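Keep in mind that this is a model prediction, so the values were computed, not measured.
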Amino acid sequence: MDADQREAYVEDVLSLVESIPPGRVMAYGQIAECLERGGPRQVGAVMATYGSGVPWWRVVRADGTLPDCHQRGALEHYRVESTPLRGAAAGESGSTRVDMARAAWQPVTGTPGRP
DNA sequence: CTCTTGACGCCGG
DNA sequence: TCCGGCGCCAAGA
């Protein structure tokens with residue numbers, strides 16, 4: 001990958017992350033799939049480097065679990081944005097995680113699941 | 001040019 | 001439901 005391509009990829013990733021509305025989240029693999037470029041790890045690498053300027057807490061793992069580094073700050077944002085949670089934070093049993101079934105967001109498609 | 005590493009994902013126990 | 005291992009893609013040393 002040339003520097004220009006990486007830069008473009010980074011721009012696309014950041015743009016997509018910023019397009020995620022409050023209360024919704026997107027998985028790394030989903031972002032990669034939507035961009036049809038690289039893979040989950042590449043998205044993670046981009047976020048680790050340039051994620052400081054975007055709502056990084058709206059980006060979670062496919063399972064809805066939060067990356068080890070983000071659990072602290074993300075929870076605060078989720079509480080403010082009313083993001084659907086599962087686990088201790090939601091009064092359920094288990095570790096705190098995002099309810100992907102309800103919080104998953106897809107651009108264009110809109111909101112697939114969400115009664 | 002090769003080896004290691006990483007904000008990941010999926011399958012099996 | 002929780003834990004561990006293997007696979008993927010690309011960048012950095």
Provide, to the nearest angstrom, the distance between the [atom1] atom belonging to [X] and the [atom2] atom belonging to [N].
| X | N | atom1 | atom2 | result |
| --- | --- | --- | --- | --- |
| A:M47 | C:dA10 | CE | P | 19 Å |
| A:D63 | B:dC8 | CG | C1' | 10 Å |
| A:Y50 | C:dA11 | OH | C1' | 11 Å |
| A:I31 | B:dG9 | CD1 | P | 9 Å |
| A:R6 | C:dG12 | CZ | P | 5 Å |
| A:D68 | B:dT5 | CG | C1' | 15 Å |
| A:R61 | B:dC10 | CZ | P | 12 Å |
| A:E33 | C:dC9 | CD | P | 13 Å |

Using a heavy-atom cut-off of 4.0 Å across all strands, would you classify [X] as base, sugar-phosphate, or nothing?
| X | answer |
| --- | --- |
| A:R86 | nothing |
| A:S93 | nothing |
| A:M1 | sugar-phosphate |
| A:A62 | sugar-phosphate |

Between A:T49 and A:A45 (side chain of the first, backbone of the second, donor and acceptor by atom type, cut-off under 3.5 Å), is there such a pair? yes
Distance-only, no hydrogens or angles: does the A:S19 side chain make a donor-acceptor pair with backbone N or O of A:L16 under 3.5 Å? yes
Take a 6.0 Å sphere around CD of A:E33 and say whether it holds more than 12 heavy atoms from other residues, nucleotides or ligands. no
Any chance you could lay out the side chain to side chain contact (heavy atoms under 4.5 Å, CB included) test for A:I20 and A:V25, step after step, and finish with the verdict? CA-CA 7 Å; A:I20 302 173; A:V25 298; 5.6 Å; no
Please work out whether the ring planes of A:H77 and A:W56 are parallel, tilted or perpendicular, with thresholds of 30° and 60°. perpendicular
Would you say A:R41 places a side-chain N or O within less than 4.0 Å of OP1 or OP2 belonging to C:dC8? no
For the side chain of A:Q42, counting heavy atoms from C-beta on, which of B:dG9, C:dC2, C:dA11 is nearest? C:dA11
